[in-house]
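Report on the following structure.
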Amino acid sequence: MQPLPIPCPSHLIPDVTDAFDAAYRAAKAQRAVFIAIEREGQRWTVKADALTAGPGHIVDNAVNDALRAAVIRLVDEREAGSDAYAGPVYFMLHGVPSEERARELAAAFHAALYADLEPLNRAVPGDSLHE
């Protein structure tokens, strides 16, 4: 698996359906934030994990707060299931209605985990997400 650019455009977010373990190991070997989508029936899951980037990768409190607020908003708006996981360094959204939306959210989460909140602000607008 090739390293993802930062920020990663949504069309390059990997679909790891049936290949999660290999993709996760590759991100860990590259010391990069893991980001991917997976198909679950008719819906999609977004997975983001900063642990794979290693101990030198710091996700500050403002980013964690913005990501948590985004997860809560997505659950409240029923764009993600209530079983979403909201950090602090691992984020998962189940039940995303389309591949396109899953890719958009994954790209936004990836950018945020590299301290760029603008894609998150565009993907999940709301006053509480702004820096």
Side-chain angles (χ1 to χ4, degrees):
M1 180 176 237
Q2 294 292 325
L4 298 174
I6 303 165
C8 185
S10 61
H11 71 279
L12 293 180
I13 298 293
D15 176 353
V16 299
T17 305
D18 301 323
F20 172 81
D21 291 335
Y24 191 86
R25 281 192 305 273
K28 194 171 184 178
Q30 295 163 4
R31 298 182 63 88
V33 168
F34 174 79
I35 191 71
I37 60 171
E38 280 184 296
R39 182 186 259 310
E40 291 184 332
Q42 296 300 312
R43 297 198 171 254
W44 292 83
T45 295
V46 173
K47 294 181 178 181
D49 190 341
L51 290 175
T52 54
H57 185 83
I58 306 297
V59 179
D60 72 27
N61 289 338
V63 168
N64 274 320
D65 291 347
L67 286 165
R68 275 191 210 100
V71 169
I72 291 167
R73 186 167 292 111
L74 290 164
V75 169
D76 287 349
E77 294 174 1
R78 297 189 179 150
E79 283 197 77
S82 60
D83 57 348
Y85 191 80
V89 293
Y90 178 74
F91 300 86
M92 188 165 29
L93 302 169
H94 291 285
V96 178
S98 71
E99 179 181 2
E100 180 181 350
R101 183 63 169 149
R103 287 183 181 283
E104 176 187 24
L105 292 171
F109 276 57
H110 186 254
L113 288 169
Y114 281 106
D116 179 0
L117 292 176
E118 277 311 305
L120 187 65
N121 289 330
R122 286 190 304 273
V124 189
D127 291 337
S128 64
L129 299 183
H130 296 284
E131 294 182 83

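These values consider heavy atoms only, across backbone and side chains, with no hydrogens, waters or symmetry-generated copies.
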Problem set entry | Test side-chain contact (heavy atoms from CB on, under 4.5 Å) applied to Arg101 and Leu74, step by step | CA-CA 11 Å; Arg101 183 63 169 149; Leu74 290 164; 3.7 Å; yes
Find the distance between [atom1] ([X]) and [atom2] ([Y]) and round it off to the nearest 0.5 Å.
| X | Y | atom1 | atom2 | answer |
| --- | --- | --- | --- | --- |
| Met92 | Asp83 | CE | CG | 7.5 Å |
| Ile72 | Ser82 | CD1 | OG | 13.0 Å |
| Thr52 | Gln30 | OG1 | CD | 9.0 Å |
| Leu113 | Leu67 | CG | CG | 5.5 Å |
| Leu117 | Asp65 | CG | CG | 10.0 Å |
| Cys8 | Ile35 | SG | CD1 | 8.5 Å |

May I ask you to test the [X]-[Y] pair for a side-chain heavy-atom distance under 4.5 Å?
| X | Y | answer |
| --- | --- | --- |
| Val16 | Ile37 | no |
| Val59 | Pro88 | no |
| Leu105 | Val96 | yes |
| Leu4 | Pro14 | yes |
| Leu120 | His110 | no |

Problem set entry | Gln42 atom CD, over 12 foreign heavy atoms within 6.0 Å |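 Counting neighbours around CD of Gln42, 12 or fewer heavy atoms of other residues, nucleotides or ligands fall under 6.0 Å, so no.
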For this session: Take atom CG of Asp18 as the centre, draw a 6.0 Å sphere, and report whether it contains more than 12 heavy atoms from other residues, nucleotides or ligands.
Result: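 At most 12 heavy atoms, drawn from other residues, nucleotides or ligands, come within 6.0 Å of this atom.
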Exercise. For the hydrophobic clusters of this structure (ILVMFWY residues joined by side-chain heavy atoms under 4.5 Å, transitively), does one cluster hold both Val63 and Ile6?
Worked result: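 Val63 and Ile6: one cluster.
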For this session: Mind checking salt bridge (Lys or Arg N to Asp or Glu O under 4.0 Å) for Arg43 and listing every partner two or more places apart, or none if nothing turns up?
Result: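 Once residues adjacent in sequence are excluded, Arg43 has no partner under the salt bridge (Lys or Arg N to Asp or Glu O under 4.0 Å) criterion.
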For this session: Output yes when a side-chain donor or acceptor of Thr17 lies under 3.5 Å from a complementary backbone atom of Glu38, and no otherwise.
Result: no
Problem set entry | Under 3.5 Å: donor-acceptor pair, side chain of Arg68, backbone of Ala86 | yes
Problem set entry | For Pro9 against Ala107, the heavy-atom pair lying closest together | C-CB, 4.3 Å
Seminar exercise, completed: Smallest heavy-atom separation, Ala84 atom then Val71 atom, equals CB-CG1, 3.7 Å
Exercise. Considering residues at least two apart in sequence or located in another chain, which fulfil the side-chain contact (heavy atoms from CB on, under 4.5 Å) criterion with Pro7?
Worked result: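 Residues passing side-chain contact (heavy atoms from CB on, under 4.5 Å) with Pro7: Ala111.
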Problem set entry | Those residues that, when tested against Arg31, pass side-chain contact (heavy atoms from CB on, under 4.5 Å) (two or more places apart) |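 So Arg31 forms a side-chain contact (heavy atoms from CB on, under 4.5 Å) with Pro55.
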Problem set entry | Phe91 and Phe109 aromatic ring geometry - parallel, tilted or perpendicular at 30°/60° bounds | perpendicular
For this session: Just grab all the ring pair (Phe, Tyr, Trp, His ring centres under 6.0 Å) pairs involving residues 31-56, residues at least two apart or on different chains.
Result: Phe20-Phe34, Tyr24-Phe34
Exercise. Side chains of Glu40 and Thr45: is there a donor and an acceptor less than 3.5 Å apart?
Worked result: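 Indeed, the side chains of Glu40 and Thr45 share at least one donor-acceptor pair under 3.5 Å.
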Exercise. Which residue pairs pass the salt bridge (charged side-chain N to carboxylate O under 4.0 Å, His left out) test when at least one of the two sits in residues 84-93, sequence neighbours left out?
Worked result: none
Problem set entry | Pairs where residues 86-99 contributes a residue and the test salt bridge (charged side-chain N to carboxylate O under 4.0 Å, His left out) is met, not counting sequence neighbours |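 As it turns out, the salt bridge (charged side-chain N to carboxylate O under 4.0 Å, His left out) pairs with a partner in residues 86-99, which skip direct neighbours, are Glu99-Arg103.
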Exercise. Does the gap between the ring centers of His57 and Tyr114 come in under 6.0 Å?
Worked result: yes
